[in-house]
Amino acid sequence: MDFKVVEAKWQKFWEEHPGLYRADDDSDKEKKYILVEFPYPSGSGLHVGHAFSFTGSDIYARFKRMQGYDVMFPMGWDAFGLPTENYAIKSKRKPQEVTKENIEMFKGQMKRLAYSFDWEREVNTSDPNYYKWTQWIFIQLFKKGLAYKKEMPINWCPSCKTGLANEEVVNGKCERCGAEVERRTISQWVVKITEYADKLIEGLEKTEFIDKVKRAQINWIGKSEGAKIRFQISDSQLKIKELEVFTTRPDTLYGATFMVIAPEHELALELSKRDEKIKNYLNESRKKSEMERAELNKEKNGVFSGLYAINPINNKEIPVWISDFVLSSYGTGAIMSVPAHDERDHAFAKKYKLSIIPVISKENWNFEEKACSEANSGVMINSPKWEGLKPEEAIKKAIGWLTENKIGEKSNSYHLRDWIFSRQHYWGEPIPMIYCQKDGWQAVPEEDLPIQLPEIEVYEPTEDGKSPLSKIENFVRCKCPICEGEARRETDTMPNWAGSDWYYLAYCFAKKLKNGGQDNFNSDLDSNRVFVDIFSNSSKELKKWCPVDVYVGGDEHNTLHLLYSRFIYQFLSEIGVLPNELPEPYYKRISHGVILGPDNQRMSKSKGNVIVPETVIDIYGVDVLRMYLMFMGPFEGVMAWNEKTLMGVKRFLDRFSLLIDNQIKLGLDSSEKSKVLINKTIQGISRDYESFGFNTAVAKLMEAVNRLDLMGKEELKVMVQLLSPMAPHTAEELWQRLGGKGSVHQSSWPIHDKKYLNKDKISLPIAINGKVREVIELDTERVNDKEYLMSAIESSEKLMKWLEGKEIVKEILVPGKMLNLVIKG
RNA sequence: GCCGCUGUGGUGAAAUUGGUAUACACGCCAGACUUAAAAUCUUGUGGUAGCAAUACCGUGUGGGUUCGAUUCCCGCCAGCGGCACCA
């Protein structure tokens with residue numbers, strides 16, 4: 001069978017039958033929404049890693065369709081992003097054009113790989129008809145007070161005079177020019193995702209994400225319970241008169257012998273104006289990344305602020321230090337230091353000779369030597385108000401005392417931070433905001449959306465790091481929507497998460513989106529009407545398709561993308577523009593594995609280890625690649641590309657075709673044996689597909705094909721159906737040869753008949769002291785009959801030899817599984 | 001640094017979730033076909049000892065729980081992934 005002929009024939013057939021994979025908004029069939037993360041259409045094209053996750057998802061979608069579900073399996077393009085912009089700068093081409101070409105390349109590859117996407121629902125985040133709604137969502141966030149402007153740090157290259165992505169910073173240096181990267185703060189749009197921290201934890205209970213994804217989300221949000229405590233500063237000449245800290249251990253308040261604030265803390269900034277030494281320290285720490293700063297083993301440096309604060313519990317004056325091991329992004333940016341019970345505080349105290357007071361007892365412990373951070377040992381000491389209590393009781397008492405005296409209160413802190421939403425780049429959605437001298441920041445009126453990204457010539461940022469859009473005067477200049485006076489547009493664009501936050505919703509009404517959501521637009525109604533038609537709590541499409549039943553994606557998106565999109569979903573749901581019976585956007589999350597390059601490294605253009613599907617499909621065909629990818633290892637696994645076992649899959653498909661032709665000639669009838677075999681195979685493979693166990697599904701097919709000589713025509717047709725999700729071309733061809741009607745992909749999935757799976761004989765392994773010594777044949781019916789069992793054992797010479805002269809102390813019978821005899825003597 | 005994952009033949013990997021360890025494939029050995037090679041087909045293939053039946057050892061490593069551990073618990077060793085402006 002020549003794969004080139006077969007592929008061409010069936011690709012043509014599918015093109016001529018476009019309805020095959022259409023998701024039907026109006027069908028009565030039960031729906032399944034199967035989603036795989038849409039790709040960023042990069043210039044290097046689709047590689048075998050993409051092919052791996054798409055193939056697995058495609059198999060599942062085809063399987064569900066054959067089981068009779070109305071399946072939506074869509075695809076689109078996460079088209080905005082930095083690499084395209086960088087490429088545009090280098091090649092002096094328009095990102096729009098480059099993106100269009102890349103999408104065409106990806107789509108061509110996907111079609112060739114026979115993915116059963118419903119192309120009528122294709123979406124593209126860089127299409128104005130799409131990002132109009134991305135902008136609309138931002139405006140809703142702003143209107144609800146969830147988007148605000150704040151000074152936030154970015155990576156800044158002083159030589160290129162541009163902001164850098166973390167990825168562009170290599171060992172603290174600029175990837176392009178090698179200059180030292182600095183941290184610089186600029187005013188940016190920030191979204192208050194922290195307001196949803198608890199809801200994002202609670203919502204997980206309504207999902208069936210795999211465990212590690214749930215854990216990843218919870219850890220990322222990083223909720224910790226504790227208290228806020230306010231310390232008064234004794235120097236009254238400053239603007240700031242008190243320092244607020246967050247601590248999980250208010251019980252150790254008596255042990256707080258000094259305080260440390262982050263270099264970005266307001267107080268530090270104020271002090272740096274009058275103190276040269278502090279100013280220098282702040283400049284130093286600006287160069288370090290957060291990861292460097294938080295490292296536990298690194299020596300901690302700091303500078304004394306010259307100030308003292310008052311520990312409210314005992315009115316003692318304690319020094320205030322500035323050090324960059326305290327992060328401004330976590331808690332309040334200031335800590336109370338308890339050196340006796342925290343390693344970092346201890347190291348800092350030793351270095352600067354600050355006093356250490358133990359407040360929890362521990363035997364054989366020299367508190368001058370080492371900190372003791374165990375929370376559950378010992379009792380409180382040196383702590384008059386809660387002396388002798390266990391730490392957990394002391395925490396309650398401490399919070400009570402703080403609240404009573406209005407010095408502090410119970411509080412939670414989260415590792416999760418608000419979401420920096422501004423990018424100083426061109427290739428993204430313009431943030432739809434307008435600044436007026438008089439009225440401040442105003443949202444663009446909804447009827448003016450989308451704010452189109454203007455086509456420009458130069459994509460570099462400005463000298464002072466502003467988005468290239470700021471150079472386009474007729475883009476920037478606009479009218480204030482309130483006073484109609486002169487105003488200026490925001491020139492920053494959105495991060496690329498913005499478009500992917502709601503694409504799973506966009507697929508549902510993709511057909512309406514194509515013409516700007518206006519096909520139901522009625523000019524007699526008010527202008528907001530159009531928005532209600534797309535996002536609406538009575539939307540027919542959303543009601544039908546949401547939530548996503550299975551969402552397949554990579555581990556690298558298990559925290560950010562998943563959290564951001566769940567947040568946006570919860571937000572939209574709360575403002576009433578989604579059908580409200582849907583608690584979460586995704587019901588199940590499956591995380592797919594990674595295919596590394598042959599060198600065991602992540603595939604990337606710069607490493608030159610990218611393997612494209614064409615290297616296999618040009619020589620062996622699409623079906624071989626698809627099956628081989630699935631056979632390489634488990635769907636969640638990490639595996640390096642190697643073509644060693646590829647020949648096995650090729651041989652398998654060749655042999656399968658050859659044997660089918662032989663069997664057709666022989667024209668055997670079904671036999672008892674063939675029925676047992678095929679029903680076992682149906683059961684096994686259905687179970688494997690359902691659980692994304694594609695590698696074992698391939699193995700089971702191979703096993704069955706090794707016994708294909710037994711099979712009659714009916715079983716052969718079933719075999720082809722079982723194969724069809726993995727090898728769609730070969731299966732269509734064989735289905736036709738077997739006289740199957742229409743497309744095999746529209747046939748009904750076979751169901752196993754239990755009556756062929758119950759055997760009358762069973763092989764029961766007999767173990768002696770846990771080691772299997774014999775396998776005996778037994779009648780299934782009487783397998784739990786003790787007398788029958790013992791007589792079977794006695795008739796085995798081998799077992800009797802083991803049991804000779806020994807006493808059976810215990811018998812453990814696991815019904816149907818094994819019998820273990822424990823012997824003595 | 002923080003969070004998480006993985007470790008089974010020469011290789012990719014299975015093991016119904018505590019019940020016959022190594023399914024399925026690659027590779028390799030031997031044989032058939034062929035003038036020959038390729039392709040294809042047949043047989044064997046964890047280690048040690050033995051002609052063999054068989055026995056002992058064996059899932060990174062050291063302990064533990066259990067009638068029974070690749071699977072559960074504790075310690076160690078090695079490798080990998082993610083970490084907020086890559087997507």
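First the proteins, then the strands, lettered A, B, ... as listed; each starts at 1.
Shown are Phe38(A), Trp77(A), Phe80(A), Trp502(A); of these, the ring-ring contact (aromatic ring centres under 6.0 Å, His included) with Tyr130(A) is made only by Trp502(A).
The residue Gln188(A) sits close to a base: some heavy atom pair falls under 4.0 Å. Within the 4.0 angstrom heavy-atom criterion, no nucleotide atom of any strand lies near Leu821(A). If you check every strand for non-hydrogen atoms under 4.0 Å, Gln424(A) touches a base. Within the nucleic acid shown, Asn600(A) has no heavy atom closer than 4.0 Å to any nucleic acid atom. Lys771(A) comes within contact range of the sugar-phosphate backbone alone, with a heavy-atom separation under 4.0 Å but no base atom that close. Here Leu560(A) lies in heavy-atom contact (under 4.0 Å) with a base. Using a 4.0 Å heavy-atom criterion, one finds that Ser500(A) contacts no nucleic acid atom at all. Across all strands, Trp802(A) comes closer than 4.0 Å only to sugar-phosphate atoms, never to a base (heavy-atom distances). If you check every strand for non-hydrogen atoms under 4.0 Å, Glu556(A) touches a base.
Every residue two or more places apart in sequence or in another chain that forms a side-chain hydrogen bond (donor to acceptor under 3.5 Å, both in side chains) with Glu37(A) is listed here: His557(A), Arg589(A). For Glu797(A), there are no side-chain hydrogen bond (donor to acceptor under 3.5 Å, both in side chains) partners at least two apart in sequence or on another chain. Taking the side-chain hydrogen bond (donor to acceptor under 3.5 Å, both in side chains) definition, one finds that Trp641(A) meets it with Glu643(A), sequence neighbours left out.
Atom pair Asp654(A):CG and rU40(B):P shows a separation of 8 Å (rounding to whole Å applied).
Stem analysis of RNA chain B (Watson-Crick or G-U pairs, both distances under 3.5 Å, runs of at least three) returns B:1-7 with B:77-83, B:10-12 with B:24-26, B:30-32 with B:40-42, B:46-49 with B:54-57, B:60-64 with B:72-76.
Annotation: rC73(B) and rC80(B) have their P atoms spaced 25 Å apart (nearest Å). A distance of about 11 Å separates the C1' atoms of rG79(B) and rG60(B), rounded to the whole Å. Distance check on atom C1': rA14(B) versus rG9(B) gives 13 Å, rounded to whole Å. Using atom C1' as the reference point in both rU65(B) and rA55(B), the two lie 29 Å apart (nearest Å).
The residues Asp555(A) and Lys212(A) are annotated as salt-bridged, a charged nitrogen and a carboxylate oxygen being separated by less than 4.0 angstrom. Glu85(A) and Lys90(A) are not joined by a salt bridge, as no carboxylate oxygen comes within less than 4.0 angstrom of a charged side-chain nitrogen.
The Glu703(A) side chain lies nearest to rC24(B) when the options are rG4(B), rC24(B), rA87(B).
Taking side-chain N and O atoms only, Arg344(A) has no distance below 4.0 Å to OP1 or OP2 of rG1(B). Residue Arg773(A) has a polar side-chain atom (N or O) positioned under 4.0 Å from OP1 or OP2 of rA55(B). Not one side-chain nitrogen or oxygen of Arg417(A) sits closer than 4.0 Å to the OP1 or OP2 atom of rA84(B). When the side-chain nitrogen and oxygen atoms of Arg651(A) are compared with OP1 and OP2 of rU40(B), one or more of them lie within a distance under 4.0 Å.
Interface remark: the His561(A) side chain does not form any donor-acceptor pair with the rA84(B) base, using a distance-only criterion of under 3.5 Å.
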List the atom pairs, with distances to 0.1 Å, where a side-chain N or O of residues 689-703 of chain A and a protein N or O form a donor-acceptor pair under 3.5 Å, not counting sequence neighbours.
{"unit_1": "Tyr689(A)", "atom_1": "OH", "unit_2": "Leu722(A)", "atom_2": "O", "d": "2.8"}
{"unit_1": "Glu690(A)", "atom_1": "OE1", "unit_2": "Lys64(A)", "atom_2": "NZ", "d": "2.6"}
{"unit_1": "Glu690(A)", "atom_1": "OE2", "unit_2": "Tyr60(A)", "atom_2": "OH", "d": "3.0"}
{"unit_1": "Ser691(A)", "atom_1": "OG", "unit_2": "Arg687(A)", "atom_2": "O", "d": "3.1"}
{"unit_1": "Ser691(A)", "atom_1": "OG", "unit_2": "Asp688(A)", "atom_2": "O", "d": "3.3"}
{"unit_1": "Thr696(A)", "atom_1": "OG1", "unit_2": "Asp688(A)", "atom_2": "OD1", "d": "3.4"}
{"unit_1": "Thr696(A)", "atom_1": "OG1", "unit_2": "Asp688(A)", "atom_2": "OD2", "d": "3.1"}
{"unit_1": "Thr696(A)", "atom_1": "OG1", "unit_2": "Gly693(A)", "atom_2": "O", "d": "3.0"}
{"unit_1": "Lys700(A)", "atom_1": "NZ", "unit_2": "Asp688(A)", "atom_2": "OD1", "d": "3.4"}
{"unit_1": "Lys700(A)", "atom_1": "NZ", "unit_2": "Asp688(A)", "atom_2": "OD2", "d": "2.7"}

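Looking only at atom types and distance, the side chain of Tyr148(A) has a donor-acceptor partner in the side chain of Asp418(A) under 3.5 Å away. For Gln188(A) and Gln424(A), the side-chain atoms include at least one donor-acceptor pair closer than 3.5 Å.
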Check: Reading nucleotides 6-21 of chain B 5' to 3', which nucleotides get B (base under 4.0 Å from a protein heavy atom), which S (sugar-phosphate only), which -?
Finding: -----SBSS----BB-
